There are 2 protein chains.
Amino acid sequence: MTDVKTGFNPLFLREEELRQGIELLFFAYRDFTAEPDAILADYGFGRAHHRVIYFVGRHPGITVSDLLEILRITKQSLSRVLGQLVMEKFITQRPGLRDRRQRLLELTEKGIELERQLTERQRARIARAYREAGAEAVDGFRKVLLGLVEEADRARFPSRSPHRRGG
Amino acid sequence: MTDVKTGFNPLFLREEELRQGIELLFFAYRDFTAEPDAILADYGFGRAHHRVIYFVGRHPGITVSDLLEILRITKQSLSRVLGQLVMEKFITQRPGLRDRRQRLLELTEKGIELERQLTERQRARIARAYREAGAEAVDGFRKVLLGLVEEADRARFPSRSPHRRGG
DNA sequence: TTTTTACGTCAGTCATGTTGACATATATGA
DNA sequence: TCATATATGTCAACATGACTGACGTAAAAA
């Protein structure tokens, strides 16, 4: 039985531990977004633009509705940001082949360059944290974060294939 | 030497792995904030109110400047949100004892109740993720997230004392 | 006594989200 | 073929939460 007085809890779910988890997420996310935000400001863009650029870069040819599902915002919100990015030639639209109602989105060369510049900072930050924490910690990080994500979106994260040593 | 062709990288820092980390953070944070956001809407509050309520609850008697450092926003931004919370009696202010210029912030009973209601959802979500991932994964999660946080703020997260089994 | 600090306020602006209504082109099913 | 559903876009109005800049006040510190 759980011993409240001594602070021992077999499920490791003590209040303090959970609050630290909450705060780690807050501080990590705060610092994780700060660097790209500064770069975006130079372009007159904001974090919303980064998200669009990121996911279009990640899924070339993505449809507007798929992007909306990822971002969980309204089409009107997306429209403003996406419109700017298309107008300023960071993203191109082309009609779908099977379904010509769709506007498939892709980064232009310019868009790829900005995406690279933005994501580079975040990649470097993650890389450093991964390196310092070690491979085993990275597995735990992934496992817990995946548990925080809604069931429906977990399929976006296939479990890694093991490292092929020399193969 | 790193073998690019075979995808083997001894530092585990392959592009794909880093992008998955970036996306895990995005999706986890998105879903982590969605539930409290919905509750806050019932009160006519937003995420900014949650952050203030959370950190005042976490550090009773916190000063305005300390809160500003945590949130990394301007005093004008904080002012509006904090002003509402004080006016609607979720938070009280009292002058500092040693320094009477300070306004020490504390949650009222009403504030504590709202904080509990909001944080409960996040705590439950984290608790579930922790439970499903296991203690070892939790350690890794903490280690990596801490590495993402700016050096200056890492001291906010003391390393856990080991579980005392039986007192 | 002067300066600095902690905090507040007024005013204006911007980015990003919302709801609601309506429009258009295309796909799909009866 | 015709009706309906879907993918996308647009206009308008609004709320939240961030920003800068300027100025004010009380208390601490030099």
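Since the structure is predicted, the reported quantities are computational estimates derived from the model, not experimental observations. Chain letters run A, B, ... following the sequence lines, proteins first, then strands; residues in each count from 1.
Along DNA chain C, the nucleotide closest to B:Asp99 and the one closest to A:Gly46 are compared, and the more 5′ of them pairs with B:Asp99. Sequence order on DNA chain C of the closest nucleotides to A:Ser77 and A:Arg98 puts A:Ser77 first from the 5' end.
Taking OG1 of B:Thr63 as the start and CG of B:Leu104 as the end, the distance is 7.5 Å to the nearest 0.5 Å. Between atom CD of residue A:Gln122 and atom OG1 of residue A:Thr33 there is a gap of 7.5 Å, rounded to the nearest 0.5 Å.
In this structure, the ring of B:Phe32 has its center no less than 6.0 angstrom from the ring center of A:Tyr29. Aromatic ring centres of B:Phe26 and A:Tyr54 lie farther apart than the 6.0 Å criterion allows.
In this structure, A:Leu78 atom CG and D:dT8 atom P are separated by 10 Å, rounded to whole Å. Between B:Leu67 atom CG and C:dA6 atom C1' there is a gap of 14 Å when expressed in whole angstrom units. In this structure, B:Leu104 places its CG atom 13 Å from P of C:dA6, rounding to the nearest Å. Distance, A:Asp37 CG to D:dG17 P: 17 Å, rounded to whole Å. If you take CD of A:Gln84 and P of C:dG17, they are 12 Å apart, rounded to a whole angstrom. Atom CZ of A:Arg51 and atom C1' of C:dA15 are 11 Å apart (whole Å). Distance, B:Arg47 CZ to D:dT16 C1': 11 Å, rounded to whole Å. Nucleotide C:dG8 holds its P atom 13 Å from the CG atom of B:Leu85, rounded to whole Å.
Distances shown here put a side-chain N or O of B:Ser79 below 4.0 Å from the OP1 or OP2 atom of C:dT9. Taking 4.0 angstrom as the limit, B:His49 places a side-chain polar atom (N or O) nearer than this to OP1 or OP2 of D:dG17.
Within 4.0 Å (heavy atoms only), A:Gln93 reaches sugar-phosphate atoms of the nucleic acid but no base atom. At a threshold of 4.0 angstrom between heavy atoms, the contacts of A:Arg80 include nucleobase atoms, whether or not backbone atoms are also involved.
Nearest nucleotide to the A:Ile73 side chain, out of C:dG17, C:dC7, D:dT8: C:dG17. Out of D:dT8, C:dA27, C:dC7, the shortest distance to the side chain of A:Gln102 is found at D:dT8. Taking every side-chain heavy atom of A:Arg103 into account, D:dG9 is the closest of D:dG9, D:dG17, D:dA26. The side chain of B:Lys75 approaches C:dT9 more closely than any other nucleotide in the set C:dT9, C:dA27, D:dT20. For B:Arg100, whose side chain is taken as the heavy atoms from C-beta onward, the closest listed nucleotide among D:dG17, C:dT9, D:dA28 is D:dA28. The nucleotide whose nearest atom lies closest to any side-chain atom of A:Val81 is, among D:dT8, D:dG21, C:dT16, C:dT16.
Scanning all heavy atoms of the two residues, the minimum distance from A:Leu146 to A:Arg154 falls at O-NE, 3.1 Å. Taking both residues in full, the closest heavy atoms of B:Arg128 and A:Gly147 are given as NH1-O, 3.4 Å, listed atom of the first, atom of the second, then distance.
Residue side chain B:Gln76 does not reach the base of D:dG17 through any donor-acceptor N/O pair under 3.5 Å, judged by distance alone.
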